[in-house]
Amino acid sequence: MNFVADLHIHSYLSRATSKQMNLENLYKWAQLKGITVIGTGDFTHPKWYAELQDKLEPAEPGLFRLKEEFCVEADREVPDSCRSTVRFVLSAEISTIYRKNDGTRKIHSIILAPDLPAAGKLNAALQEVGNLKADGRPILGLDCKLLLQKALDASPDNVLIPAHIWTPHFSVFGAASGFDSLEDCFDELTPQIFALETGLSSDPPMNWTLSQLDDYVLVSNSDAHSPSKLAREANLFSCELSYYEMMRALREKDQQGFLGTLEFFPEEGKYHYDGHRACKVCLTPEETRAHEGRCPQCGRSVTIGVMHRVSALADRQKGFRTKHAFGFESLIPLVEILSEIHGVGVGSKKVTNAYMQLLERFGSELFILRSLPVKELEQGATLLLAQAIQKVRDRQISVSPGYDGEYGRVQVFEPEERQAGNVQLSLF
Ligand SMILES: [Zn+2]
Ligand SMILES: [Zn+2]
């Protein structure tokens, strides 16, 4: 069975996260998006853990379903065209801050667990280290390697995946507080790591320029803090619905069981290039070097982005493709495409209505973006959308890169195309 899995998300109990991130909405939005397996996020939080105990029930091995009684209301808001199976996998993200090798390290890790006891046992161990109640993504003064050890002690089937490995401030390779190699972080436990989350600001080809990553499978997740951001990045599996089968496919880099990832255009990520947000200064790695790491406006140090960091650690030329590379598809969220077509904000009523109408008519968002024959859109009011989706599939779009926490801006249409489009649009 082919299915999409988004394994890193946050509940409403994480800081700066939408109140809408509860299990019912995750269940509903997974269907709207076209996700089959979704991470619960935040299982380390006692309140969320209690909700998981209360509202989920075991389904296939290592996976859970929302109990029927909690589905009823959510199902009313899912169009028939999108109705599908949703399974949950227990997931959490932990922020570790500690000193190692003369540096302060700040690293985020995703933990996946096969069952509630495996998650609960880890929670009990982490409770000794710090406060799990303060944040759905707890901050612990714990060596990341010890976190891995504790996760494995709690259950050998628990899995640690280094999160968004290139983000400057909170990742294993981050420019500000990471390491230069996985071995520096995990020492003799490094072989326990088999997957790395590439994050929004990098894509597989960027990661292929580092031979030290060849042995790892690259995964992608949305890290969503609100329902509409789910599946902006995700994983494509082709195996039985089972936690153990999914992990086996990743561990063994099984090209039959794991097909690759759905990706943001990395330029759209908010740390792709270097820069200083307060001065609206965005710099390429070369420009940063020419300015000796200083903002040309104010003289402060710029935030070193993902591209810069990747190129600093790369030992291969750009464009290199590893032999066992998995496939990937780059997507732009449907609301962003609709926003550009209609010339109004992504959160506007017009975009929201158009979005829901499209889903009702054709199916889930990922189906529309990835698989819907554009022919079906080439009539009436959706002609421009057909062109836009084809352009994204052909990678014929432009993006002004993100930097220092500012998202990049995607442009599907050139100004002349948009003008021609507006004429067509005005006909409807
Ligand atoms: Zn994180
Ligand atoms: Zn500045």
Side-chain angles (χ1 to χ4, degrees), residues 6-11 13-18 21 39-45 48 91-98 105-112 126 130 132 134-140 142 144 147-148 151 159-179 185 193 195-202 218-226 229-230 232-234 264 269-271 273-284 287-288 290-306 308-309 402-407:
D6 182 356
L7 305 174
H8 176 187
I9 65 110
H10 291 281
S11 78
L13 291 161
S14 279
R15 232 165 266 177
T17 298
S18 158
M21 292 297 263
T40 60
D42 299 0
F43 74 61
T44 52
H45 196 290
W48 190 241
S91 74
E93 185 186 30
I94 290 155
S95 177
T96 47
I97 302 187
Y98 60 104
R105 312 296 169 175
K106 300 181 185 175
I107 297 174
H108 287 187
S109 306
I110 304 160
I111 309 271
L112 304 175
L126 296 180
L132 300 182
D135 192 342
R137 185 190 58 208
I139 300 169
L140 301 176
L142 179 68
C144 193
L147 172 64
L148 172 57
V159 164
L160 184 149
I161 299 176
H164 42 71
I165 56 172
W166 294 108
T167 44
H169 303 293
F170 299 102
S171 74
V172 70
F173 292 131
S177 45
F179 295 96
C185 179
I193 304 292
L196 304 171
E197 185 190 60
T198 56
L200 298 178
S201 296
S202 88
L218 303 173
V219 298
S220 282
N221 300 296
S222 69
D223 200 353
H225 289 211
S226 60
K229 298 276 175 24
L230 291 171
R232 57 186 173 172
E233 295 207 322
F264 238 40
K270 57 186 177 182
Y271 292 104
Y273 270 173
D274 310 329
H276 187 207
R277 191 179 185 178
C279 293
K280 295 194 166 57
V281 167
C282 170
L283 303 172
T284 65
E287 289 169 333
T288 301
H291 288 101
E292 293 170 349
R294 307 252 152 219
C295 170
Q297 295 287 327
C298 72
R300 291 219 187 104
S301 296
V302 300
T303 299
I304 299 297
V306 164
H308 191 129
R309 187 67 181 146
Y403 64 97
D404 196 17
E406 185 80 27
Y407 279 107

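Everything numeric in this text was worked out from a predicted model, so none of it was measured. Any value given below was found using the heavy atoms of this structure, including those in side chains, with hydrogens, waters and symmetry copies removed. Each ligand, and each atom within it, is numbered from 1 in the order the structure gives.
- Taking backbone and side-chain atoms together, H108 has an N/O/S atom less than 2.8 Å away from the Zn ion (ligand 1).
- The name of the N, O or S atom in H276 nearest to the Zn ion (ligand 2) is ND1.
- Rounding to 10 degrees gives 110° for the angle at the Zn ion (ligand 2) between SG of C295 and SG of C279.
- When L148, I139, L147 are each tested for a side chain to side chain contact (heavy atoms under 4.5 Å, CB included) with T96, only one passes: L147.
- For E197 and H8, the side-chain atoms include at least one donor-acceptor pair closer than 3.5 Å.
- The OG1 atom of T198 sits 12.0 Å away from atom CZ of F173, with the distance rounded to the nearest 0.5 Å.
- With the Zn ion (ligand 1) as the vertex, NE2 (H164) and OE2 (E93) define an angle of 100°, rounded to 10°.
- Relative orientation of the H108 and H164 rings is perpendicular, given thresholds of 30° and 60° on the angle between their planes.
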